[in-house]
Amino acid sequence: MTSVNPDLQMNHTPGHVKHDGHNMTGFVIFLCSESVIFLAFFAGYAVLKLTAPQWLPDGVEGLEVRMPLINSVVLVSSSFVAYAAERYLHKGNLWGFRAVWLLTMAMGSYFVYGQYVEWSELTFSLSSGVFGGMFYLLTGFHGLHVITGILLMGLMLARSFIPGNYDKGEMGVAAVSLFWHFVDVIWILLFLLIYVWQ
């Protein structure tokens, strides 16, 4: 006869043990579905570029790379900063976590602002052929993910001021941090596809 450890919490359904790790598993599955969406966009971009008789709009010779490269370095570096914030939280240093987490949010905000500046200086629009549509679709969809990440970080930052909020675990921060790393990896692929492959 088998016995269940009485120290383990039970779900509402009798006989089922609660597993906290299922929340993170569900979140990873969500990120996998997001990956499929981005990869479909990437594949569509590549196919259209290779088959379009005229890829760039009239009067456009290519994209300026300097500003997007600086933005890319800031965004990718923010992943390391987010990891440092996680380490502070894991050690119980809430003020260290808050300061470094806020720095991560600032770096993400800088990236969004940099993308806004780049968009405002472009000589083509969303309706400027296939390239214009794909460019704004890909960078805009990614930018939406960056803004979502910043908002989620703000939520985690606010929750850090609730006494004892992270005493039972750091799953929320770990999930948001994982989302942020995902957004950074997607941007690296996006940067290579759009700005390097010209």
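All of these numbers come straight from a predicted model, not from anything done at the bench. For this chain, numbers begin at 1 and follow the sequence in order.
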Would you tabulate the side-chain donor-acceptor contacts of residues 95-104 under 3.5 Å, counting partners in other chains and residues two or more places apart, or write 'none'?
unit_1	atom_1	unit_2	atom_2	d
R98	NE	S160	OG	2.9
R98	NH2	S160	O	2.5
W101	NE1	M153	O	2.9
T104	OG1	A82	N	3.4
T104	OG1	V100	O	3.0

Side-chain donor-acceptor pairs of residues 187-197 under 3.5 Å, sequence neighbours excluded:
unit_1	atom_1	unit_2	atom_2	d
W187	NE1	S72	OG	2.6
Y195	OH	E118	OE1	3.0
Y195	OH	E118	OE2	2.6

Show me the donor-acceptor pairs, under 3.5 Å and distance only, between side chains in residues 105-112 and residues at least two apart or in other chains.
unit_1	atom_1	unit_2	atom_2	d
S109	OG	M105	O	2.9

Pair up each side-chain donor or acceptor in residues 124-146 with any protein partner under 3.5 Å, not counting sequence neighbours, and list the distances.
unit_1	atom_1	unit_2	atom_2	d
S125	OG	S127	N	3.4
S125	OG	S127	OG	3.1
S125	OG	S128	OG	3.3
S128	OG	S125	N	2.8
S128	OG	S125	O	3.4
Y136	OH	F124	O	2.9
T139	OG1	W119	NE1	3.4
T139	OG1	F135	O	2.7
H142	NE2	V183	O	2.9
H145	ND1	F141	O	2.8
H145	NE2	E34	OE1	2.2

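Separation of atoms CZ (F182) and OG (S177) is listed at 14.0 Å; rounding is to 0.5 Å. Atom CG of residue N165 and atom CG of residue L94 lie 9.0 Å apart, to the nearest 0.5 angstrom.
Remark: S78 engages W180 in a side-chain hydrogen bond (donor to acceptor under 3.5 Å, both in side chains) (not counting sequence neighbours). Q54 pairs by the side-chain hydrogen bond (donor to acceptor under 3.5 Å, both in side chains) definition with D58, not counting sequence neighbours. Every residue was checked against the side-chain hydrogen bond (donor to acceptor under 3.5 Å, both in side chains) condition with Q115, not counting sequence neighbours, and none meets it. Residues passing the side-chain contact (heavy atoms from CB on, under 4.5 Å) test with V36, sequence neighbours excluded: none. Partners of I29 by side-chain contact (heavy atoms from CB on, under 4.5 Å), not counting sequence neighbours, listed by chain and number: T25.
Two residues are said to be in side-chain contact when any heavy atoms from C-beta on lie closer than 4.5 Å; I186 and F42 meet this criterion. Contact check for L122 versus L63: side-chain heavy atoms found under the 4.5 Å cut-off.
Applying the 4.5 Å side-chain rule to ILVMFWY residues, one finds M67, Y113, Y116 in the same cluster as V117. Members clustered with V185: none, using a 4.5 Å side-chain heavy-atom cutoff among hydrophobic residues.
Sorted by first then second residue, the ring-ring contact (aromatic ring centres under 6.0 Å, His included) pairs that include residues 62-90, not counting sequence neighbours, number zero.
When every heavy atom of H181 is checked against every heavy atom of S79, the shortest pair comes out as ND1-OG, 2.9 Å. E86 and A174 make their closest contact through OE2-CA, 3.6 Å (heavy atoms, listed as atom of the first residue, atom of the second, distance).
Hydrophobic clustering places L50 together with L39 (ILVMFWY residues linked when any side-chain heavy atoms are closer than 4.5 Å, directly or through intermediates). Hydrophobic clustering (ILVMFWY, side-chain heavy atoms < 4.5 Å, transitive): M156 and F30 are in one cluster.
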